[in-house]
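Index from 1, following the sequence.
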Amino acid sequence: MRTRPADGLPEGLPEGSAASPTGLPQWDRCAVMGVVNVTPDSFSDGGRWFDTAAAVKRGLALVAEGADLVDVGGESTRPGASRVDADEELKRVVPVVRGLVSEGVTVSVDTMRATVAEQAVAAGAVLVNDVSGGLADPAMIPAVAATGAPFVVMHWRGFSENMNSLAVYEDVVAEVLAELRTRVDAVVAGGIDPSRIVVDPGLGFAKQAEHDLALLAHLGDLRTLGLPLLVAASRKRFLGHVLAGEGAAPPPARERDAATAAVSAIAAHEGAWAVRVHEVRATADAVRVARAVAGARRQRTSTSAAGPR
C-alpha cells in the first residue's frame with residue numbers, strides 16, 4: 001500500500017497528523033463533520049430531519065455552529081437496522097445535498113450504494129463516506145474512482161442486521177489495522193488514488209464497548225497507515241455504557257453529547273483529520289482547544305531547542 005506523507009501541514013495541526021485528502025479544503029486543525037440523518041429510524045435523531053427543507057435547515061445550523069463539512073445520509077446503519085431500497089435513498093439524499101451545496105456548504109454523502117454516491121457527487125458532494133469501505137456494493141470503487149471524489153474506507157465486517165455477532169477479536173487494534181490495510185490496498189487497486197483516501201476505525205460497527213475504547217486508546221496505531229483518520233464516536237453505545245457505569249441503563253443517545261466532545265478532544269489531540277458528530281458546538285470548541293494546546297507544546301519545544309539567549 002502506498003501512503004502519503006504528513007509533512008508540510010498548516011501551522012497548528014498536531015505533529016504526525018495527516019493532511020486533508022486531495023480534493024478537500026485544508027483546515028488548520030482537526031475538522032468537524034456534522035451529521036444530517038435524512039431517515040425515520042436513525043438511533044440518534046431519526047425522523048427529526050426527514051423532510052428535505054428541515055434537513056437543509058439542520059445542515060446550515062450545523063455550519064453556523066462550527067461544522068466544516070456536513071455528512072448527509074439516507075439509510076440508518078444502527079445495529080439491527082433494515083436497508084432501504086436505492087430509489088428511496090436517492091429521494092432522501094440528493095435533494096438535501098443539492099440544497100446544502102447551493103448554500104455553499106462542503107458536503108459529504110454517507111452511502112453504501114454506488115448509484116447514490118454518483119448522483120450525490122453530481123449534485124455537488126465532494127466526499128463519499130461508505131461505512132462498508134466499498135464492500136457492500138461492488139460497483140462503488142470504480143464509480144468513486146471515476147468521479148475523482150475522496151473516499152472514506154471504514155472498518156466493516158457486515159450489515160447492521162448481523163454485525164453484533166461479528167464483534168469477535170483477539171486483538172482488536174491489530175485486527176482492525178490489518179483489515180483496514182487490506183481494504184485500502186483493494187481500494188487503491190480499484191483505481192482510487194491513495195491521496196484521496198480517508199480511514200475510519202468503525203467505532204460501534206461489529207464492536208463492543210471494550211473494542212471501541214481500545215481503538216480510541218490506540219489511535220496512534222491507526223495513523224501508521226499514513227492516511228487521514230476520521231473518528232465517528234458521536235452518541236454511540238459505548239459512550240452510553242461509560243456514562244452509565246456497570247449494571248445501569250445507558251442514558252439516551254441525545255444525552256451523550258458531552259461525552260462525544262470529550263472523544264473529539266482526544267481524537268484531535270491524537271492527530272485525527274476529522275471527527276463526525278451530531279451536535280457541533282461543543283466539539284468545535286474541543287478541537288480548537290486541542291489545536292491551541294498543540295501549538296503551545298510546539299512553541300515550548302521550539303524555545304527549548306533554541307537554548308538560552
Side-chain angles (χ1 to χ4, degrees), residues 19-27 31-39 42 45 48-77 84-134 136-137 139-154 187 190-193 195-198 200 228 230 232 273-278 280 284:
S20 290
T22 298
L24 292 183
Q26 179 66 70
W27 294 285
V32 179
M33 177 187 286
V35 179
V36 174
N37 290 315
V38 195
T39 62
S42 166
D45 51 10
R48 297 186 73 192
W49 326 116
F50 193 45
D51 173 75
T52 296
V56 171
K57 183 177 180 181
R58 174 60 175 170
L60 294 174
L62 293 175
V63 171
E65 291 174 3
D68 300 296
L69 64 167
V70 173
D71 195 38
V72 177
E75 180 176 31
S76 175
T77 53
V84 299
D85 63 41
D87 288 342
E88 176 63 22
E89 189 180 354
L90 283 165
K91 185 173 72 174
R92 296 175 181 182
V93 168
V94 174
V96 178
V97 171
R98 189 176 293 118
L100 288 171
V101 169
S102 72
E103 296 288 341
V105 177
T106 301
V107 176
S108 167
V109 61
D110 175 5
T111 184
M112 293 185 282
R113 287 191 171 96
T115 55
V116 177
E118 288 172 321
Q119 292 195 40
V121 171
V126 295
L127 174 68
V128 177
N129 180 15
D130 181 353
V131 299
S132 79
D137 183 349
M140 178 65 88
I141 301 308
V144 174
T147 69
F151 185 63
V152 178
V153 177
M154 196 190 82
V187 167
I192 297 179
D193 191 282
S195 73
R196 295 182 181 271
I197 295 174
V198 175
D200 179 342
L230 173 64
W273 163 70
V275 287
R276 180 181 184 273
V277 297
H278 296 85
V280 163

| message | Evaluate M154 against V131 for side chain to side chain contact (heavy atoms under 4.5 Å, CB included), listing each step before the verdict. | response | CA-CA 5 Å; M154 196 190 82; V131 299; 3.6 Å; yes
Residue pair T106 / D68, side-chain heavy-atom distance below 4.5 Å: no
In short, P150 meets V126 closest at the heavy-atom pair CD-O, 2.9 Å
query: Is there a side chain to side chain contact (heavy atoms under 4.5 Å, CB included) between V187 and I197 once you walk through the steps?
result: CA-CA 9 Å; V187 167; I197 295 174; 3.9 Å; yes
* Does the side chain of V109 come within less than 4.5 Å of V72's, by heavy atoms? -> no
The reported gap from CD1 in I192 to OG1 in T147 (rounded to nearest 0.5 angstrom) is 7.5 Å
Query raised in the report: Hey, does V128 have a side-chain heavy atom less than 4.5 Å from the side chain of M140?
Result: yes
Practice problem: For side chain to side chain contact (heavy atoms under 4.5 Å, CB included), just list the numbers for M33 and L127, CA-CA rounded to whole Å, side-chain angles, deciding distance to a tenth of an Å, and then say yes or no. | Solution: CA-CA 11 Å; M33 177 187 286; L127 174 68; 3.8 Å; yes
Note: R58 and H278 closest approach over all heavy atoms is NH2-O, 3.0 Å
In terms of heavy-atom contacts, E118 and A143 come closest through OE2-CB, 3.5 Å
So CZ of R276 and CG of D71: to nearest 0.5 Å the spacing works out to 4.5 Å
Can we say E88 and K91 salt-bridge, meaning some charged N sits less than 4.0 Å from an Asp/Glu carboxylate O?
yes
*For T39 and N37, does a side-chain donor sit closer than 3.5 Å to a side-chain acceptor?*
no
Determine whether R92 and V84 make a side-chain contact, defined as any pair of heavy atoms from C-beta on separated by less than 4.5 Å. yes
Are any side-chain N or O atoms of R196 and backbone N or O atoms of T22, one a donor and one an acceptor, separated by less than 3.5 Å? yes
Quiz item: Checking side chain to side chain contact (heavy atoms under 4.5 Å, CB included) for the pair L62/V36: CA distance, chi angles, key distance, verdict?
Solution: CA-CA 9 Å; L62 293 175; V36 174; 3.9 Å; yes
- Query: Quick check: does any side chain N or O of S20 sit under 3.5 Å from a backbone N or O of P25, one acting as donor and the other as acceptor?
  - Reply: yes
Separation between CG (D137) and OG1 (T115), nearest 0.5 Å, reads 7.0 Å
Here the gap from R113 atom CZ to E89 atom CD, rounded to the nearest 0.5 Å, amounts to 5.0 Å
In this structure, CD of E103 is separated from NZ of K57 (nearest 0.5 Å) by 13.0 Å
| query | Any side-chain heavy atom of V32 sitting closer than 4.5 Å to one from W27? | reply | no
Note: S102 and G99 closest approach over all heavy atoms is OG-O, 2.6 Å
On a heavy-atom basis, the closest approach of N129 and S108 is CB-OG, 3.7 Å
Tightest non-hydrogen contact, residues A120 and V94, listed as N-CG2, 4.4 Å
